[in-house]
J.: 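This is the structure I have questions about; it appears just below.
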Amino acid sequence: MSGPLRYPRWVSVLLSGLNPPQRDAVLHDDGPLLVLAGAGSGKTRVLTHRIARLIDERDVAPGSILAITFTNKAAAEMRQRLEGLVGPRVRAIWAATFHSACVRILRRDAPHVGYERNFAIFDASDQLRLIRRCLEDEDIDPKRVDPRSVLGWISDAKNRLLGPSEMDIDSFRDEQVVRIYNRYQNRLLANQAMDFDDLLRLTVQLLEGDAEVREHYQERFRHILVDEYQDTNHAQYRLVRVLGEPQRNVMVVGDDDQGIYSWRGADVANILDFERDYPDATVIALEQNYRSTGTILKAANAVVAHNPNRHPKALWTDRGDGGPIEIIECRDEREEARVVVGEVQRAVDDGDSLSDIAVFYRTNAQSRAVEDMLVRAAVPYQVIGGPKYYERAEVKDLLAYLRVAVNPNDEVSFGRMITSPKRGVGPGAVTRLSAYAVEMGLPLTDALADADRVEGLNPSQRRGFSALASVVAEIRSHARADVPVDRLVELAFEESGMRAMFEADGSAEAEGRIENLEELVRTGAEYMNRAEEPSLSGFLEEIALYADADAVDTGGGQVTLMTIHNAKGLEFDRVVIIGMEQNLFPHSRSETPEQLEEERRLCYVGITRARRRLILTHARTRSFFGGGRDYRMPSQFLAEIPEESVGGMGPAATSRHRPLPSDAADVVPGLATGDEVVHATFGEGVVTGVEQGGTLVLVRFIRDGRERRLIAGAAPMRKAASS
DNA sequence: CATAGCGGGTTTTTT
DNA sequence: ACCCGCTATG
């Protein structure tokens, strides 16, 4: 029977098609809410529908909603979905990543924490340049102290909201690091620059330290929703906590099985501690999966169930089992790539789009072999991540002109600009200019115009500086006059002499660089079309906060290649995960049990991206950096997948016992291709052998990537058995 | 001051 | 295999 409508009309729209826990989450009123959302359980739907409901039913002003997503792309998608539900009111909603939300706050209130509003954002390469200078100041040899590790320590400290003066000092090393940290921070400030961690840290400092500002934002944000909460770090946690007061309308959505960023300071404990901070929190679990086949889901569950430290839960689906998972042993990475091409062929035969196919791997370097094969097979593809477009030297060099025009204190960009192209000014001249700038209390860039007054410069150096001064001045005045950004990029390209430099070079490489920079001009034009209030600094900011995952093109009819980290939050009909091998996945650098668990969660994330078909490959040999071939063992995660879920090469491939490779049969007398082979670690090496009556007959013994023995003797199985 | 050539490190994942 | 920084040389 159909009784009278119990809800107003919008309810049928917002609640139709939702399962009971999803409805509960959407209908939740005020107060803290924790949604434990398994993979593919429709959390984005819950988030968007809940926001729509807050606006429509609870009369919450769109401008008082802050929705935090993991990537800019996810934010854009959320906006798009919300637009369908609440129309143009979506414009007032803050949907952003933690970092971009912080920038937005800081662009307004940075003066409260000692920064100007036009501060620069330093990416990894800018940081590296700056930290090198700090090491230089401290007279520390960068070969003895790795600048990257120092940055790692500093980053860890910042994520825990610890300043240089709050660090524990237990050793000379600690003291050294703290001194560097101090210098680094001072230099950042002098540059009017923040690194990624500062964006979070200073925002927390701002909000916790300044009552007026704090109340302003607390007043403003009445509802806070955070996605991917399992991957928040301490600074982000504190940010949510302070913004959530006093209303405490905080909704967090996450899955402790999908925490894969602990190396970046993320703490899965945040999700578990939510109930401690908000004892009155409502907790809702979403366990029905709408994405994958039963077989894929079962495999994912089985793998992650091997993690001892987790909230037990089991995703389920009513979609039916679907086809088996395929585990394919390959001879090497080229054959792995052929498996990918084979799957592409199969998709084409089935009339499916190439956009439905994704290839995942543990490390970016693995994309190469697949790319080579796809090129040969004329298969269109996109690679997400890897060598970054915006971090290419020529792009950064050109951007340096624009950055310096916005922020004259940016010495890192100044240093780039000075040497590209070469104009006869080197370190010596810069030191003199810098001394003058300090003396006059001028930003380095502004001192350029006074080149005539700087002591000890030769005429060509003066000319070089003056030329630079006028380029920067021109960019700056055009920017003030709101000349379109693409015109500014073009201006910098021409007037800096970079185009002339590359044209004079004439090499194919220089041609490529010119194309890259022309692409940057087009990016500027595209930004002008899209941005609501375009500005040069807005453009630079977007670039700084741009993430690889933002570039994923889901409709372009091409195969998508990316690391599993980048695949978070995405889904594809067909997924191939390559390199399912010990020491690669799980990665060899994952040594502790905790790290192994994180690798396993990563595996879980990868598997659960697949809707319909999942192929896992591993290679017997693989070459790493052009060097010799390494013999490989299949990933332990493969053995954690239930045998009945696996088709293709069959269960043999799921254990450490697999058919003898045919190339081994050739060299081992008395062995047949059907014999079972065992891969095992033995001492520091990797053994490939054949089991015969409890004894391992050695076929190969590899150590340090080199083959030490080919066929020889035997060893008791017990000694060899380990992985 | 700029360049070419060499040696060393690099590959885990990234907002 | 490649990228990067350092050094010797012009």
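Residue numbers start from 1 in every chain, and the chains themselves are labelled A, B, ... in the order their sequence lines are given, proteins ahead of strands.
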J.: Starting at CD of Glu594(A) and ending at P of dT13(B), how long is that distance when rounded to a whole Å?
T.: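 Roughly 22 Å, once rounded to whole Å.
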J.: One thing to verify: whether Asp397(A) and Arg392(A) come together as a salt bridge, which I'm taking to mean a side-chain N less than 4.0 angstrom from a carboxylate O.
T.: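 Judged by the 4.0 Å cut-off on N to carboxylate O distance, Arg392(A) and Asp397(A) do not form a salt bridge.
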J.: On DNA chain B, check which nucleotide each of Asp146(A) and Phe70(A) is closest to and give me the residue with the more 5' one.
T.: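 Here Asp146(A) is the residue nearer the 5' end.
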J.: Kindly state each residue pair satisfying salt bridge (Lys or Arg N to Asp or Glu O under 4.0 Å) with at least one member in residues 228-239 of chain A, sequence neighbours excluded.
T.: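 Qualifying pairs, neighbours excluded: Lys43(A)-Glu228(A), Glu208(A)-Arg238(A), Glu228(A)-Lys568(A), Asp231(A)-Lys568(A).
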J.: Judged by atom type as modelled, is there a donor-acceptor pair below 3.5 Å linking the side chain of Asn191(A) to the main-chain atoms of Arg187(A)?
T.: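 Looks like yes, one N/O pair under 3.5 Å.
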J.: Can you tell which of dT13(B), dT15(B), dT11(B) lies closest to the side chain of His99(A)?
T.: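 Within the option list, the nearest is dT15(B).
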J.: In whole angstrom, give me the gap between the C1' atoms of dC4(C) and dT13(B).
T.: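 Their C1' atoms lie roughly 22 Å apart.
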J.: Whole angstrom is fine here: how far is it from CG in Asn72(A) over to C1' in dT15(B)?
T.: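 It works out to 9 Å between those atoms.
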J.: Does anything in residues 120-135 of chain A pair up under salt bridge (Lys or Arg N to Asp or Glu O under 4.0 Å), and if so which pairs, sequence neighbours excluded?
T.: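 Qualifying pairs, neighbours excluded: Asp123(A)-Lys396(A), Asp126(A)-Lys396(A), Asp126(A)-Arg403(A), Arg133(A)-Glu411(A).
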J.: Just the rounded figure in Å: distance from P of dT13(B) to CD of Glu598(A).
T.: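 After rounding, the gap between these two atoms is 14 Å.
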J.: According to salt bridge (Lys or Arg N to Asp or Glu O under 4.0 Å), who are the partners of Glu597(A), at least two apart in sequence or on a separate chain?
T.: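 Expected list: none.
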J.: Nearest-Å distance, CG (Asn159(A)) to C1' (dT14(B))?
T.: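 From Asn159(A) CG to dT14(B) C1': 12 Å.
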J.: Considering only dT11(B), dT15(B), dT14(B), which nucleotide approaches the side chain of Asn364(A) most closely?
T.: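 Nearest to the side-chain atoms of Asn364(A), counting from C-beta on, is dT14(B).
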J.: With Tyr381(A) as reference, evaluate Val375(A), Val340(A), Thr560(A) under the side-chain contact (heavy atoms from CB on, under 4.5 Å) test and give the passing residue.
T.: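 Checked Val375(A), Val340(A), Thr560(A) against Tyr381(A); only one passes side-chain contact (heavy atoms from CB on, under 4.5 Å): Val375(A).
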J.: May I ask you to say whether Asp332(A) pairs ionically with Arg620(A), meaning some side-chain N is under 4.0 Å from a carboxylate O?
T.: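 Salt bridge: no.
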J.: Which letters describe nucleotides 1-6 of chain B, given B = protein heavy atom under 4.0 Å from base, S = only from sugar-phosphate, - = neither?
T.: SSS---
J.: Mind checking Phe98(A) for me? I need base, sugar-phosphate or nothing, with any heavy atom below 4.0 Å counting as a touch.
T.: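 Answer is nothing: Phe98(A) stays at 4.0 Å or more from every strand.
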J.: Are Glu336(A) and Arg331(A) ion-paired here, with the side-chain N under 4.0 Å from a carboxylate O?
T.: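 Looking at Arg331(A) together with Glu336(A), the answer is no, because their closest N to O distance does not fall below 4.0 Å.
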J.: Let me know the distance between CZ of Arg622(A) and P of dT11(B), rounded to the nearest Å.
T.: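 After rounding, the gap between these two atoms is 18 Å.
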J.: Extract from the structure each pairing of a protein N or O with an N or O of nucleotides 5-7 of chain C at less than 3.5 Å, listing the distance.
T.:
| residue | atom | partner | partner atom | Å |
| --- | --- | --- | --- | --- |
| dG5(C) | OP1 | Arg132(A) | NH1 | 3.3 |

J.: Would you mind telling me which residue lines up with the more 5' stretch of DNA chain B, Ile384(A) or Arg148(A), judged by nearest nucleotide?
T.: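 The residue mapped nearer the 5' terminus is Arg148(A).
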J.: Please tell me if Asn566(A) has a side-chain N or O lying less than 4.0 Å from either OP1 or OP2 of dT14(B).
T.: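 For dT14(B), OP1 or OP2 has a side-chain N or O of Asn566(A) closer than 4.0 Å.
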J.: Roughly how many Å is it from CD1 in Ile260(A) to P in dT14(B), rounded to a whole number?
T.: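 That distance rounds to 9 Å.
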J.: Rounded to whole angstroms, how far apart are CG on Leu199(A) and C1' on dT15(B)?
T.: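 It works out to 9 Å between those atoms.
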J.: Return the value, rounded to whole Å, for the distance between atom CD of Gln366(A) and atom P of dT10(B).
T.: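 Checked: the CD to P distance equals 19 Å.
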J.: Counting side-chain heavy atoms from CB outward, which of dT13(B), dT15(B), dC2(C) is closest to Arg368(A)?
T.: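 The answer is dC2(C), which lies nearest to the side chain.
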J.: Checking Lys73(A) now: which residues fulfil salt bridge (Lys or Arg N to Asp or Glu O under 4.0 Å) with it, not counting sequence neighbours?
T.: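 By the salt bridge (Lys or Arg N to Asp or Glu O under 4.0 Å) rule, Lys73(A) matches Glu77(A).
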J.: Which distance, rounded to the nearest 0.5 Å, do you find between the CG of Leu545(A) and the NE2 of His99(A)?
T.: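 Going from CG on Leu545(A) over to NE2 on His99(A), the span is 8.0 Å.
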J.: When you measure from the side-chain N and O atoms of Thr71(A) to the phosphate of dT15(B), is any distance below 4.0 Å, counting only OP1 and OP2?
T.: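 It does not, given that no N or O in the side chain of Thr71(A) lies less than 4.0 Å from OP1 or OP2 of dT15(B).
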